[in-house]
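Working notes for the structure below.
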Amino acid sequence: MNKKTIRDVDLSGKRVLVRVDFNVPIENGVITDETRITAALPTLQAILAQRPQALVLMSHLGRPKDGVPDPKYSLRPVAAALEAHLKQPIAFVENPLSDEAVAQVNSLPEGSIVLLENTRFYVGETQNSPELAAQLAKFGDIYVNDAFGSAHRAHSSTEAIARLMPAVAGLLMEKELQYLSAALEAPVRPLIAILGGAKVSDKIKVIESLLAKADKLLIGGGMANTFLRAQGRATGASLVEENALDVARDLLAKGGEKLVLPTDFVIADAFKDDANTQIVSADQDVPEGWQILDIGPLTVERYAALLDQARTVIWNGPMGVFEMPNFAKGTNAIAQTLAALTDKGVITIIGGGDSAAAVQQAGLAERMTHISTGGGASLELLEGRVLPGVAALNDK
Ligand code: AMP
């Protein structure tokens, strides 16, 4: 990586301001998944080991109305969780936008850990306001960005601030970029990508980029329906993007043999878990009123056989409506296949978001080479884009 990291700088005696991604799911004040907190711990521990004056953390949480504090999205529960992990009290700053707050933090004993309240509670954060960035910058002598999951957004706490002070990457950021970029730029081949999810239109750029870089691209999920429709099949009541049919035809032509579509599907007579189901082959029409909700068993077998040739696999997006157990079978089977491949030494990389959730749900998270903590950010990397939160960091 050509960006400086916390290993390239001396943090002792400094106030280290770290943008983390503590955007965790919270229900009734209880954190239901701490993955993003635990993923940041190696960075925080490495910084603390360098004996800084203070470790000041900031993050967004959820989507409060721009600049409007909302107790539902307070980071307070995260402060409590962090105390348990780091075994040290965390000073919580409810309103960091005053010089008194800065003075208070400056007067804390050496080695203190501070968490600032949700960055989206302040006007300007999502507009990348330089004024807000300047106010936040007062809390640190050096800035560390470890929030890979937010690096695709140019916000005050991820982009503008990095232009105001020395700015380096944290260890999680470094690891995410290394895995995802290495897999795309210099993969151990054959590289096979698996792409699912709801829509072709959301992922046109990803498909184009993966067709250029991968040896094969296996398609599943709702987006397969649009390709099927583009080939002239009747798709019944399936989710299809009529206005993306031309794009789908174009991608099919460009993709040729590289672009692999399912050979069969699970169809249902309603969008619910206990609907009646049937298996149809991809060259059969889907009957009227029925809809495709998962890839079928032959597809699972064929994809497993193709994946057996891979030495690197990148997966983004579920193969079906995995939120319903009866239509999660295709997604779970792919997760099982990848777990077995990892055991054989294949590099398996899971983009964040739904595919990460599916792997976790299947209890296979520990058996993948890398699971990204950032859905949107990993998709943008797969598109071949430069993430603004990374671009703003200091070069080596
Ligand atoms: P995305 O956010 O684009 O990755 O899409 C993920 C969503 O696609 C999940 O909520 C799935 O339930 C949904 N999905 C996957 N396959 C299908 C399908 N065949 N029909 C409708 N929705 C689907």
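One-based numbering, in listed order, for ligands and for the atoms of each.
- Other residues, nucleotides and ligands contribute only 12 or fewer heavy atoms inside 6.0 Å of the CZ atom of Arg51.
- The nearest protein atom to atom 12 (O) of ligand 1, hydrogens excluded, is given as Glu323 OE1, 2.6 Å; this is a heavy-atom distance.
- With hydrogens left out, the protein atom closest to atom 6 (C) of ligand 1 is Asp354 OD2, 3.0 Å, a heavy atom.
- In this structure, CG in Leu364 is found 12.5 Å from CD1 in Ile334, a value given to the nearest 0.5 Å.
- The distance from ligand 1 to the heavy atoms of Gly222 drops below 4.0 Å at these ligand atoms: 15 (C), 16 (N), 17 (C), 18 (C), 19 (N).
- Nearest protein heavy-atom neighbour of atom 3 (O) of ligand 1: Ala198 N, 3.1 Å.
- Between Lys203 and Glu383, none of the side-chain N atoms (NZ, or NE/NH1/NH2) sits under 4.0 Å from a carboxylate O, so this pair counts as no salt bridge.
- Here the closest non-hydrogen pair linking Leu116 and Pro96 is CB-CG, 4.0 Å.
- Close to ligand 1: Lys203, with a non-hydrogen atom less than 4.0 angstrom away.
- In this structure, Arg385 pairs ionically with Glu380, as a charged nitrogen and a carboxylate oxygen lie closer than 4.0 Å.
- Both the backbone and the side chain of Val321 come within 4.0 Å of ligand 1, counting heavy atoms alone.
- The closest non-hydrogen atom to atom 14 (N) of ligand 1, taken over Gly221, Gly320, Ala224, comes from Gly320.
- Contact atoms of ligand 1 toward Ile292: 18 (C), 19 (N), 20 (N) (distance under 4.0 Å to a heavy atom of the residue).
- His370 NE2 to Lys175 NZ: the interatomic distance, rounded to the nearest 0.5 Å, is 6.0 Å.
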